[in-house]
Every structure is written in C-alpha cells, then in structure tokens.
Amino acid sequence: MEKTTSYPKWDAPYFTGKKIEKIYCFPWCMEKFHPENTIRFQSRANAEQAGYRPCKKCCSTLPIGAWTDKQSELTLVVPKEFSFNENMKYLSKEPNECLFYCKNQRIYRAIPIKEETPVVEIRSDQDNMLHIRFLGTTMPSCKWMRAEVARYVRDWFDLDTDLLPFYDLAKSDALLQRAVTHFTGLRNIGIPDLFEAICWGIIGQQINLPFAYTLKRRLVEAFGRSIECDGETYWIFPSPHDIAALTMEDLKGLQMTGKKCEYLIGVAQLMVEGKITKEQLANCGDYKKAENMLVKIRGIGPWTANYVLMRCLRMPSAFPIDDVGLHNAIKYLQGTPQKPTKAEILKLSATWTNWEAYATFYLWRFLY
DNA sequence: CTCCAGGATAACC
DNA sequence: GGTTATCATGGA
C-alpha cells in the first residue's frame with residue numbers, strides 16, 4: 001500500500017501561484033487535460049526523486065486529494081479547511097433528496113462511471129481523512145475506475161479549492177464574517193454531472209425548494225435507472241439520451257410547467273448532439289464566455305447559467321445575483337424588513353471577487 | 001383567498 | 001431597452 005502524503009507537505013507549491021514546470025501523473029490516469037510537459041511515472045517516489053510535482057488535475061496525484069487504495073476502500077486526504085460534519089449537515093437537510101442518502105453520519109450513493117455503477121459509503125473517522133467504501137459487489141474492477149471514483153468524490157466535495165483566501169477575505173466583510181464563523185469547513189458541494197446540474201437549475205426556477213425536490217424525484221424515478229445493493233435502491237439521474245427521446249406527453253405527469261418540459265427535452269437533445277459539453281464550458285476561456293454559451297440555450301437565463309457554473313463547473317466568479325434565497329439570506333443577516341436591491345447586493349459583493357460562488361453558497365446556509 | 005417560492009420567455013410598449 | 005402576463009404547484 002502506498003503511503004499517503006500528508007496535506008501540509010504539498011500545500012505550498014500549489015497555492016502560492018509559483019509556476020511549476022515539471023509535472024507528473026501515473027500511467028493509468030485518465031485525465032484528458034493535463035498541463036503540458038506532464039510525464040507519467042510508475043511510482044510517486046520516482047517522480048519526486050526526479051524533481052517532479054503531482055498534476056493538479058490528476059485524480060490520483062493531487063496533494064490534498066492524495067489517496068490510498070486498499071481494494072475495497074479508498075482513503076482521501078482532505079484539506080484542513082474541511083469539516084465533514086458541516087458538509088454532512090448540508091447534505092442531510094433535504095429529506096426528499098433522491099440521488100443519495102445520509103445515515104449515521106455516512107453518505108451513500110451510486111456513482112455512474114462509464115458502464116459501471118459503483119455504490120459507495122463515505123465516512124470520516126478522523127480529521128483530514130475521507131473514506132470511500134464500495135458496497136456489495138460494486139467495487140470497480142480496474143485501477144483507473146477507482147481513480148475516477150476518487151476524482152468524483154473530490155469534485156463533489158470540492159476538495160481542490162484552497163479556502164484560506166476566502167476566509168481571509170471574510171474577516172473584513174460583515175456578511176461573510178458571520179457566514180464563515182457559522183459554517184467553517186463547508187465546501188461548495190457540487191453537481192458533477194452537467195446534465196443533472198442544468199436540469200436541476202431549470203426545475204428549481206420560480207418554485208419553492210421542497211417542490212423542486214419532488215419534481216426531481218418524479219423525473220428520476222420515471223426516467224432514470226436504479227440499481228439494488230445490500231437491500232437498498234440507488235437511483236441514477238437520467239442521461240441526456242434518456243430525456244432527449246421523450247415527448248411533452250411523457251413529461252406531463254410530472255406536473256411541472258409545460259415550458260420546463262420543453263426546456264429539459266431541448267437541453268437533452270443539445271447534449272446528445274454534443275452541442276453542450278462540460279469540457280467546452282470549462283475550456284472556453286473565461287467565466288463570462290461560459291455564461292454567454294449557457295444563456296443562449298432556451299430555458300437558461302442568467303440565474304440558471306450562474307447556478308450551473310457555480311455548482312458544476314465550479315467557477316469561482318459564478319454569481320446568481322438574482323437568487324431569491326441569496327436575497328433572503330442577506331435580509332436575514334442585515335435584519336432589515338426589506339430584501340436588498342440589486343444595487344445594494346452589487347455594493348456588498350464588490351470585494352468578493354473570485355469568491356462570489358463560495359459567498360453565495362455560504363450565505364444560503366443561513367436559510368435552513 | 002392571496003402571495004411567494006433558489007426564473008425565463010414571449011409579447012408587448 | 002424596459003415592463004408584464006404566464007406558467008404549475010405547495011405551503012404560509
């Protein structure tokens with residue numbers, strides 16, 4: 001078993017902005033967008049000896065996300081600014097969530113990767129560690145598939161963002177100061193699947209959150225797939241392919257607006273045709289370009305675009321400024337009878353540059 | 001009964 | 001370019 005590198009050792013070179021020229025990852029890594037000059041090494045020790053640093057994007061070599069592989073279990077090293085309890089509270093807040101569940105301080109879900117669907121239990125027995133255990137007979141067969149699971153969990157919990165600058169920023173910000181005090185260690189829990197993120201955004205437009213979860217459940221149970229594992233049923237969000245072939249009639253039973261049904265089918269068709277992909281959005285240049293690409297899609301306005309960029313693409317500047325929940329959170333914190341105007345929010349958020357997404361996520365937590 | 005929910009669109013002026 | 005009715009439903 002490979003020894004896990006502790007967090008502090010790898011901290012410095014990554015977050016100081018210092019340019020690193022010699023990058024390594026492992027032969028089995030499937031990451032498609034490595035930095036240039038990335039060399040593959042058989043072992044971490046050899047790479048380090050040669051003066052190489054682990055690839056920041058690579059699932060198996062990240063400093064913080066380093067993992068050990070014990071066949072039935074993966075262990076991720078997480079940053080200091082990670083509170084399993086705080087993230088658990090967020091994940092547990094919605095009883096009607098259908099894509100995972102929480103029980104005894106553990107999280108359970110199926111993670112679809114290519115043809116396989118491993119079911120995992122995620123727990124944290126000790127600080128700075130996250131344990132991923134495969135349930136039943138769902139353990140992935142090959143090493144890179146396990147690496148994909150590790151990558152998925154790291155992405156889901158946003159383990160690769162260094163929150164220290166955000167916490168520094170918050171010290172001198174009236175709103176954020178209270179937010180980070182209350183929710184220290186909370187991460188921007190993501191929606192890694194782009195189609196799911198867009199659908200969730202569209203479904204959530206202009207209705208209260210409990211009803212949005214009900215609609216999502218109906219959609220998933222009608223058109224998604226499920227697998228059984230250890231006596232539990234695990235649902236997987238429908239693929240674009242599943243939805244693209246549907247008609248308005250098929251979606252009527254869900255009881256959402258006809259327009260939303262059109263939007264969902266339209267987005268599914270665009271994705272089946274390859275006209276929207278996560279890679280395109282991630283690599284299109286900057287956040288504003290990605291926002292423009294999304295807003296052009298029928299059914300996606302500024303709010304949904306920023307929501308998707310925030311929860312799926314994890315762009316730090318994504319900012320759903322029209323969000324009613326954000327308005328209510330600010331109103332609550334300021335103790336004012338009226339919700340803030342857009343101008344007031346712009347003023348309050350002027351110093352949040354590159355942390356708008358995290359600020360929003362933290363402020364939302366005051367609502368529940 | 002009315003109003004508001006983690007909005008977007010088409011059809012107006 | 002700004003404003004407004006419309007959409008489905010549930011909860012306060």
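Chain identifiers are assigned alphabetically (A, B, ...) following the order of the sequence lines, protein sequences preceding nucleic acid strands; residue numbering begins at 1 within each chain.
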Engineer: So how far is it from A:Thr184 OG1 to A:Phe82 CZ, rounded to the nearest 0.5 Å?
Structural biologist: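 One gets 13.5 Å once the value is rounded to the nearest 0.5 Å.
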Engineer: What nucleotide, of B:dT9, B:dG7, C:dG10, holds the atom closest to the side chain of A:Val324?
Structural biologist: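 Taking heavy atoms from C-beta onward, the closest nucleotide is B:dG7.
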Engineer: Testing the basics here: between A:Met293 and A:Cys284, what is the closest heavy-atom pair and its distance to 0.1 Å?
Structural biologist: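 Residues A:Met293 and A:Cys284, closest heavy atoms: SD-CB, 3.8 Å.
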Engineer: Rounded to whole angstroms, how far apart are CE on A:Met248 and C1' on C:dC7?
Structural biologist: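 Value for this atom pair: 11 Å.
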Engineer: Please determine if A:Arg365 forms a cation-pi arrangement with A:Phe183, meaning its NZ or CZ atom is less than 6.0 Å from the six-membered ring centre and no more than 45° off the ring axis.
Structural biologist: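 That pair qualifies as a cation-pi contact.
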Engineer: Are there any protein N/O atoms within less than 3.5 Å of an N/O atom in nucleotides 11-13 of chain B, and if so, which ones and at what distance?
Structural biologist:
none

Engineer: Could you check how far NZ of A:Lys260 sits from C1' of C:dT6, rounded to whole Å?
Structural biologist: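 After rounding, the gap between these two atoms is 13 Å.
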Engineer: Sequence neighbours left out, what passes side chain to side chain contact (heavy atoms under 4.5 Å, CB included) with A:Glu262? Give chain and number order.
Structural biologist: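 By the side chain to side chain contact (heavy atoms under 4.5 Å, CB included) rule, A:Glu262 matches A:Met248, A:Arg298.
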Engineer: For the P atoms, the ones on B:dA5 and on C:dG2, what distance do you get once it is rounded to whole angstrom?
Structural biologist: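 The answer is 24 Å between these two P atoms.
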Engineer: Calculate the interatomic distance between A:Phe211 atom CZ and C:dA8 atom C1'; express it in whole Å.
Structural biologist: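 A:Phe211 atom CZ is separated from C:dA8 atom C1' by 6 Å.
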Engineer: Between the side chains of A:Asn306 and A:Tyr287, does any donor sit under 3.5 Å from an acceptor?
Structural biologist: yes
Engineer: Which atoms form the tightest heavy-atom contact between A:Trp235 and A:Cys98, and what is the distance?
Structural biologist: CB-O, 3.8 Å
Engineer: Nearest-Å distance, CD1 (A:Ile321) to P (B:dG7)?
Structural biologist: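 Atom-to-atom, A:Ile321 to B:dG7, this comes out as 14 Å.
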Engineer: From CG of A:Leu215 over to P of B:dG7, roughly how many Å is that when rounded to an integer?
Structural biologist: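 Rounding to the nearest Å, CG of A:Leu215 and P of B:dG7 are 14 Å apart.
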Engineer: Output one line per pair: protein atom, nucleotide atom from nucleotides 1-4 of chain C, and distance, for all N/O pairs under 3.5 Å.
Structural biologist:
none

Engineer: Can you measure A:Asp322 atom CG to B:dT9 atom P for me and round it to whole angstrom units?
Structural biologist: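 From A:Asp322 CG to B:dT9 P: 13 Å.
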Engineer: Does NZ in A:Lys93 sit with more than 12 non-hydrogen atoms of other residues, nucleotides or ligands closer than 6.0 Å?
Structural biologist: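 Atom NZ in A:Lys93 is packed in, count exceeds 12.
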Engineer: Return the residues of residues 197-207 of chain A meeting this criterion: a heavy atom under 4.0 Å from some atom of DNA chain B. Order them by number, or give none.
Structural biologist: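 Result for residues 197-207 of chain A: A:Gly204, A:Gln205, A:Gln206, A:Ile207, sorted by number.
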Engineer: Grab the CG-P distance between A:Leu254 and C:dG10 for me, whole Å please.
Structural biologist: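 Whole-Å distance recorded here is 13 Å.
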Engineer: Of the listed nucleotides (C:dT9, C:dC7, B:dA5), which one gets closest to any side-chain atom of A:Asn328?
Structural biologist: B:dA5
Engineer: Grab the two heavy atoms, one from A:Leu219 and one from A:Leu251, that are nearest each other, plus how far apart they are.
Structural biologist: CD1-CD2, 4.0 Å
Engineer: Mind checking the P distance from C:dG10 to B:dA8? Whole angstroms is fine.
Structural biologist: 22 Å
Engineer: Expressed in angstrom and rounded to an integer, what is the separation of A:Leu326 atom CG from B:dA5 atom C1'?
Structural biologist: 15 Å
Engineer: Pull out every residue in residues 293-305 of chain A that has a heavy atom closer than 4.0 Å to any atom of DNA chain B, ordered by number, or say none.
Structural biologist: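 Within residues 293-305 of chain A, the residues near DNA chain B are A:Ile297, A:Arg298, A:Gly299, A:Ile300, A:Gly301, A:Pro302, A:Trp303, A:Thr304.
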Engineer: Using a heavy-atom distance cut-off of less than 4.0 Å, which residues of residues 336-361 of chain A contact DNA chain B?
Structural biologist: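 Listed by number, they are A:Lys339.
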Engineer: A:Phe166 and ring-ring contact (aromatic ring centres under 6.0 Å, His included): which partner among A:Trp352, A:Tyr358, A:Phe361?
Structural biologist: A:Tyr358
